[in-house]
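Taking it in order: structure first as structure tokens, then the write-up.
This one's a predicted model, so the numbers in the text were calculated from it and none came from an experiment. Letters go in sequence order (proteins before strands), and every chain restarts at 1. Both backbone and side-chain heavy atoms feed into the values below; hydrogens, waters and symmetry mates do not.
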Amino acid sequence: MQELINIFIKSIFIDNMVFAFFLGMCSYLAVSKTVKTSLGLGIAVVFVLIITTPVNYLLNEYILGPGSMVWISDSFKDVDLSFLSFIMFIAVIASIVQLVEMIVEKYAPALYSSLGIFLPLIAVNCAILGGSLFMQEREYESMGQVFAFSLGSGIGWLLAIVAVAAIRERIKYSQIPAPLKGLGITFIITGIMGIAFMSFMGIKL
Amino acid sequence: MSEMFSKKNLKLLTNPLGDDNPITVQVLGVCSALAVTVKLEPAIVMGLSVTIVTAFANVIISALRNTIPSRIRIIVQLVVIAALVILVDQILKAYAYDVSKQLSVFVGLIITNCILMGRLEAFALGNKPWPSFLDGIGNGAGYGMILIIIAALREITGSGTLTLPGLGELRIIPLSFYDMGYANNGLMILPPMALITVGLIIWFQRSRSKHLQESN
């Protein structure tokens with residue numbers, strides 16, 4: 001249990017998707033104008049991440065990884081399909097996003113209208129594919145670890161986008177040099193927030 | 001020949017280098033851009049890979065643009081991109097293993113690089129293959145250019161060297177400087193400085209071309 005909590009905390013603060021790996025920056029920069037919309041997008045990202053990463057973990061564990069198809073028959077033990085993982089992961093993500101969109105539309109219309117256009121956009125959010133690729137690279141051992149990792153990464157991303165949106169709402173009233181307005185200052189704010197987040201890096205969990 | 005390189009087509013090639021730059025103006029593809037810029041070599045490799053993938057994905061989608069049903073076009077685009085990225089990844093693993101290790105997951109993340117989807121949606125779906133090819137090369141080059149500027153700045157100030165493919169590490173700041181008390185700026189190697197460097201590049205670019213400035 002402690003190990004799961006460690007992975008969870010680590011993926012929120014130390015290996016934060018935005019500040020340590022710059023994943024999902026495109027939607028992070030485009031949607032962070034107000035706190036309300038960024039909260040919506042953040043929740044959608046958490047939601048999709050905790051579904052797709054475990055599914056891709058199963059795929060990696062039982063079909064794609066080297067020797068993972070032994071469960072079918074012993075003759076498959078030399079088969080290594082890991083070169084197909086990009087295309088499989090992205091196909092899984094795109095179809096799950098589509099599926100989630102349909103389910104949410106049917107059973108939770110209120111949530112659907114508040115998530116709005118963000119759901120389909122998530123298919124091409126690098127944080128989602130990044131989650132699956134990091135899962136593969138770091139070789140997590142159990143489903144619980146993968147789940148803790150994906151939940152933590154999602155919450156870390158949510159935290160980052162809500163924090164920067166709140167700062168951007170305030171900074172509208174400040175005197176910024178004209179060429180820095182909008183995009184430029186957002187980059188610099190993110191950099192400074194990143195430096196702040198680096199203070200977590202010394203922590204060994 | 002003259003028609004293939006008409007003024008309009010050349011504009012497709014040169015615009016993304018300046019006023020229509022994918023990173024600093026269109027804000028596409030920032031995700032993978034920043035993490036690979038600690039050293040110059042991975043940045044060059046990344047820029048080249050993205051240019052190749054963008055150009056060929058643009059050509060393929062543009063050639064298929066009248067046959068793809070618009071409802072499933074995103075999945076079709078992703079499959080084309082993913083297939084190209086797998087090719088690039090396998091080639092890198094075979095011929096430039098060290099660089100491919102340094103780039104780690106970021107080669108795979110080219111798939112979700114917004115430049116690709118952005119250019120496919122905005123350009124390739126409505127234009128003929130040849131202009132789409134030029135557009136892809138132009139945008140890839142614009143992306144690579146920013147990557148190389150950031151990487152060169154970060155490597156010179158952070159480590160005092162420049163790593164070029166094939167040449168290895170070149171020392172830019174002479175060792176005698178260190179004896180006189182010069183020290184590398186360790187902050188530049190850390191990830192957040194990439195963001196601040198982009199911010200400064202945007203500042204520089206927008207103070208020169210005023211029409212790009214935002215109102216708030």
Side-chain angles (χ1 to χ4, degrees), chain A residues 18-30 33 83-91 93-95 97-98 120 123-130 132-134 136-137 168 171-173 176-198 201, chain B residues 24-36 72 74-75 77-79 81-83 85-87 89-90 93 104-118 187 190-210 212-216:
Chain A
V18 175
F19 298 126
F21 299 108
F22 312 112
L23 295 180
M25 284 300 281
C26 306
S27 30
Y28 169 88
L29 291 168
K33 286 204 173 101
F83 69 94
L84 282 178
S85 47
F86 295 161
I87 209 165
M88 292 299 286
F89 287 176
I90 198 70
I93 289 169
S95 43
V97 167
Q98 197 87 63
V124 286
N125 187 327
C126 356
I128 309 288
L129 184 62
S132 292
L133 293 176
F134 276 128
Q136 192 187 30
E137 197 183 77
R168 280 182 82 174
I171 216 159
K172 256 190 259 176
Y173 308 109
I176 306 162
L180 262 184
K181 272 186 182 165
L183 192 59
I185 196 72
T186 314
F187 267 109
I188 292 177
I189 293 169
T190 314
I192 294 169
M193 286 167 77
I195 294 177
F197 261 72
M198 292 201 72
M201 262 174 78
Chain B
T24 60
V25 182
Q26 303 176 51
V27 211
L28 296 175
V30 191
C31 329
S32 53
L34 303 175
V36 298
I72 58 157
I74 293 195
I75 291 197
Q77 288 165 359
L78 283 176
V79 169
I81 296 169
V85 170
I86 290 178
L87 283 181
D89 184 47
Q90 296 291 318
K93 273 193 184 134
S104 84
V105 298
F106 290 97
V107 179
L109 287 174
I110 297 177
I111 299 173
T112 47
N113 193 319
C114 330
I115 291 183
L116 285 153
M117 289 296 275
L187 196 61
L190 302 178
M193 283 313 287
L195 289 163
I196 295 181
T197 317
V198 179
L200 296 179
I201 292 175
I202 292 174
W203 191 357
F204 178 73
Q205 188 189 16
R206 294 197 177 172
S207 49
R208 289 174 49 116
S209 15
K210 295 229 169 2
L212 293 174
Q213 290 174 9
E214 291 168 52
S215 54
N216 90 60

With a 4.5 Å limit on heavy-atom distance, are the side chains of [X] and [Y] in contact?
| X | Y | answer |
| --- | --- | --- |
| A:L23 | A:Y28 | no |
| A:V18 | A:M25 | yes |
| B:L190 | A:I195 | no |
| A:Q136 | A:F89 | yes |
| B:L195 | A:M193 | no |

Contacting moiety of [X], where chain B heavy atoms sit under 4.5 Å:
| X | value |
| --- | --- |
| A:F19 | backbone |
| A:I192 | both |
| A:F134 | both |
| A:L29 | side chain |
| A:A20 | backbone |
| A:M198 | side chain |

(message) Checking the side chain of B:S209 only, and the main-chain atoms of B:R206 only, is there a donor and an acceptor separated by less than 3.5 Å?
(response) no
Using a cut-off of under 4.5 Å for heavy-atom pairs, which of [options] has the most such pairs with chain A?
| options | result |
| --- | --- |
| B:I86, B:L78, B:T197, B:L116 | B:I86 |
| B:V107, B:V79, B:L187, B:D89 | B:D89 |
| B:P191, B:G199, B:P192, B:A83 | B:P192 |

(request) To the nearest 0.5 Å, tell me how far B:L200 CG sits from A:F187 CZ. (result) 11.5 Å
(request) Identify which of A:A91, A:G184, A:P179, A:G191 forms the greatest number of heavy-atom pairs closer than 4.5 Å to chain B. (result) A:P179
